[in-house]
Asks: 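Sharing a structure here in structure tokens format.
Counting starts at 1 for both ligands and their atoms, following the listed order.
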Amino acid sequence: MEQMYSVRMRAAEGGPHEKGGFHISGGEALVQKGSLEETAKLLLKKALAHSRGEADFIQLVVEKVEAESLVRLDPLPVSTDEVQSVEEGRQRAASFLRSLSISDRAITAGMELLKSSTNLRGAAVLSALTGQRLDPVKDRGIRVTRMGWNEEGFNQWCAQYPRLVSPRIAEAIALATKVAHAPFLAAELCWSDDPEYVTGYVSSRKTGYVRITQLKEKGSLSGGRIFYVMDHVDLPSLQAYLEETPVWIG
Ligand code: WAQ
Ligand code: MG
């Protein structure tokens, strides 16, 4: 196997995130050496042409990853729930979360957090029981990295779901698949912080990746990701898996 690399990008406007800049876009990939330049270019392009604003800070980080430590996962199966309104979409999301034993308190806390977050770069980790936020750096959240599609698996996936083929969906499924297999993870809830994109999802190993066609109003800058975890969570080992374990999808 070729040498593997992790590529990460984050972009902000008004200076870097840590100096108060407004989050524009982020992206991560795990690729073989042959795709490295192309991937870096695509991530740079994603940062430069973005509906959230004009980035004046872009960081691109490339790191070698040892292939021996690679975990291989099949992508979560995908389904789509068509809803007629944001309200209906959020109710659907809530009922999926309830079926995964997320408490009503935690569901409300997660929804409220996503509704009010317009500048969240990573994911918020919430107790599935109490809804309490557990991740340490509150305005940043935990960023999942080192996941990517292997080419053959991706081509198979595209043949299976031709109507869903897009970079955004491919990235979201890679992320949701890695997250669903994390220790202590009960469920994920997501909608984009991009103003034009209103489809979001609920995912878990049990439900698969369930797309819900309206989870926010068009034009809204709110969005983010919630990782619901079990009460006995060991946060450092969860964080280490999400940030460091390389996962090869497909
Ligand atoms: N790790 C943790 N959180 C992340 C990551 C990551 N690698 N990438 C993004 N987030 C969080 C962060 O808070 C962002 O603000 C938020 O998610 C939204 O990111 O049709 O486009 O890239 O099936 O804007 C889902 C539905 C689209 C796709 C999600 O998210 C479909 C999307 P975005
Ligand atoms: Mg975004």
Asks: May I ask whether Gly223 has any heavy atom positioned less than 4.0 angstrom from an atom of ligand 1?
Replies: no
Asks: Among the protein atoms near the Mg ion (ligand 2), how many are N, O or S and lie under 2.8 Å away?
Replies: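 Count of protein N, O, S atoms less than 2.8 Å from the Mg ion (ligand 2): 2.
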Asks: Output yes when a side-chain donor or acceptor of Glu112 lies under 3.5 Å from a complementary backbone atom of Thr108, and no otherwise.
Replies: no
Asks: Taking side chain to side chain contact (heavy atoms under 4.5 Å, CB included) as the definition, give me every residue that meets it alongside Ser237, ordered by chain and number, with sequence neighbours left out.
Replies: Phe184, Asp234
Asks: Does at least one non-hydrogen atom of Cys190 fall below 4.0 angstrom from an atom of ligand 1?
Replies: yes
Asks: Any N or O on Asp193 sitting closer than 3.5 Å to an N or O of ligand 1?
Replies: yes
Asks: Given 3.5 Å as the limit, does a donor-acceptor pair link the side chain of Thr177 with the main chain of Leu76, or not?
Replies: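 Here the side-chain-to-backbone pair exists.
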Asks: Who's the nearest protein heavy-atom neighbour of atom 20 (O) of ligand 1, and how far?
Replies: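 Going atom by atom, the protein heavy atom closest to atom 20 (O) of ligand 1 ends up being Tyr197 OH, 2.5 Å.
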Asks: Does the side-chain hydrogen bond (donor to acceptor under 3.5 Å, both in side chains) test come out yes or no for Gln239 and Glu243, once each step is laid out?
Replies: CA-CA 6 Å; Gln239 190 163 1; Glu243 294 180 342; 3.3 Å; yes
Asks: Not counting sequence neighbours, which residues clear salt bridge (Lys or Arg N to Asp or Glu O under 4.0 Å) with Glu18? List them please.
Replies: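 In terms of salt bridge (Lys or Arg N to Asp or Glu O under 4.0 Å), with neighbours along the sequence ignored, Glu18 is linked to Arg10.
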Asks: Heavy atom under 4.0 Å from ligand 1: found in Arg211's side chain, backbone, both, or neither?
Replies: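 Answer for Arg211: side chain.
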Asks: Check this for me: does any side-chain nitrogen of one of Glu196 and Arg168 sit under 4.0 Å from a carboxylate oxygen of the other?
Replies: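 A salt bridge links Glu196 with Arg168.
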Asks: Which atoms of ligand 1 sit under 4.0 Å from any heavy atom of Ile142?
Replies: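 Those qualifying, in numeric order: 1 (N), 2 (C), 3 (N).
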Asks: With distance as the sole test, does Lys178 use its side chain to make a donor-acceptor pair with the main-chain N or O of Leu73 at under 3.5 Å?
Replies: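 Pair absent, no side-chain N/O of Lys178 close to backbone of Leu73.
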Asks: Tell me, which protein residue and heavy-atom name are nearest atom 16 (C) of ligand 1, and how many Å apart are they?
Replies: Gly224 CA, 3.5 Å
Asks: Can an N or O of His23 be found at a distance shorter than 3.5 Å from an N or O of ligand 1?
Replies: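 Looking only at distances, the answer is no, because the N/O contact criterion of under 3.5 Å is not met.
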Asks: Between Glu171 and ligand 1, which residue portion shows a heavy-atom distance shorter than 4.0 Å: side chain, backbone, both, or neither?
Replies: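 Neither; nothing of Glu171 gets under 4.0 Å from ligand 1.
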Asks: Tyr201 versus ligand 1: do any nitrogen or oxygen atoms come within less than 3.5 Å of each other?
Replies: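 No - when backbone and side-chain N and O of Tyr201 are compared with those of ligand 1, no distance drops under 3.5 Å.
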Asks: Looking only at protein heavy atoms, identify the closest one to atom 9 (C) of ligand 1 and say how far it is in Å.
Replies: Arg225 NH1, 3.2 Å
Asks: Which of the numbered atoms in ligand 1 are below 4.0 angstrom from a heavy atom of Tyr209?
Replies: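 Once the distances to Tyr209 are compared, the set is 23 (O), 26 (C), 28 (C), 31 (C).
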Asks: Taking only heavy atoms of Glu28 into account, list the atoms of ligand 1 that are under 4.0 Å away from them.
Replies: 6 (C), 7 (N), 8 (N)
Asks: Please confirm whether Val144 comes within less than 3.5 Å of ligand 1 when only nitrogen or oxygen atoms on both sides are compared.
Replies: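 Looking only at distances, the answer is yes, because the N/O contact criterion of under 3.5 Å is met.
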Asks: N/O to N/O below 3.5 Å, does that happen between Gly122 and ligand 1?
Replies: yes
Asks: What are the two closest heavy atoms between Leu238 and Pro183, and how far apart are they?
Replies: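 Between these two residues, the closest heavy atoms are CD1-O, 3.4 Å.
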Asks: When you check the gap from the basic side-chain N to the acidic O, do Glu13 and Arg52 get nearer than 4.0 Å?
Replies: no
Asks: Got an N/O contact under 3.5 Å between Leu120 and ligand 1?
Replies: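 Checking ligand 1 against Leu120, an N or O pair does fall under 3.5 Å apart.
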Asks: Among Val210, Leu242, Asn119, Thr199, which one has a heavy atom closest to atom 26 (C) of ligand 1?
Replies: Thr199
Asks: Under the 3.5 angstrom rule, does the side chain of Lys46 hit a backbone N or O of Lys41 as a donor-acceptor pair?
Replies: no
Asks: Salt bridge between Arg211 and Asp81, side-chain N to carboxylate O under 4.0 Å?
Replies: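 Salt bridge flag = no for Asp81 with Arg211.
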Asks: Checking the side chain of Glu188 only, and the main-chain atoms of Ser203 only, is there a donor and an acceptor separated by less than 3.5 Å?
Replies: no
Asks: So which pairs with a foot in residues 139-158 pass ring-ring contact (aromatic ring centres under 6.0 Å, His included), sequence neighbours left out?
Replies: Trp149-Phe154, Trp149-Trp157, Trp157-Tyr161
Asks: Give the residue and atom name of whichever protein heavy atom lies nearest to atom 21 (O) of ligand 1, and the separation in Å to one decimal.
Replies: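 Here the nearest protein heavy atom works out to Arg168 NH1, 2.6 Å.
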Asks: When you measure from the side chain of Gln32 to the backbone of Met4, do you find a donor-acceptor pair of N or O atoms at a distance under 3.5 Å?
Replies: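 No; zero donor-acceptor contacts below 3.5 Å.
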Asks: Apply the test side-chain contact (heavy atoms from CB on, under 4.5 Å) to residues Leu70 and Leu30: give CA-CA distance (whole Å), side-chain angles for both, the deciding distance (0.1 Å), then the verdict.
Replies: CA-CA 10 Å; Leu70 214 57; Leu30 181 70; 3.8 Å; yes
Asks: Quick check against the 3.5 Å criterion: does Gln214 have a side-chain atom that pairs as donor or acceptor with the backbone of Glu88?
Replies: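 No, because the side chain of Gln214 does not come within donor-acceptor range (under 3.5 Å) of the backbone of Glu88.
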Asks: With atoms numbered from 1 as shown, which atoms in ligand 1 lie under 4.0 angstrom from a non-hydrogen atom of Leu175?
Replies: 1 (N), 5 (C), 6 (C), 7 (N)
Asks: So which heavy atom in the protein is nearest atom 32 (C) of ligand 1, and how far is it from that ligand atom?
Replies: Ser192 CB, 3.5 Å
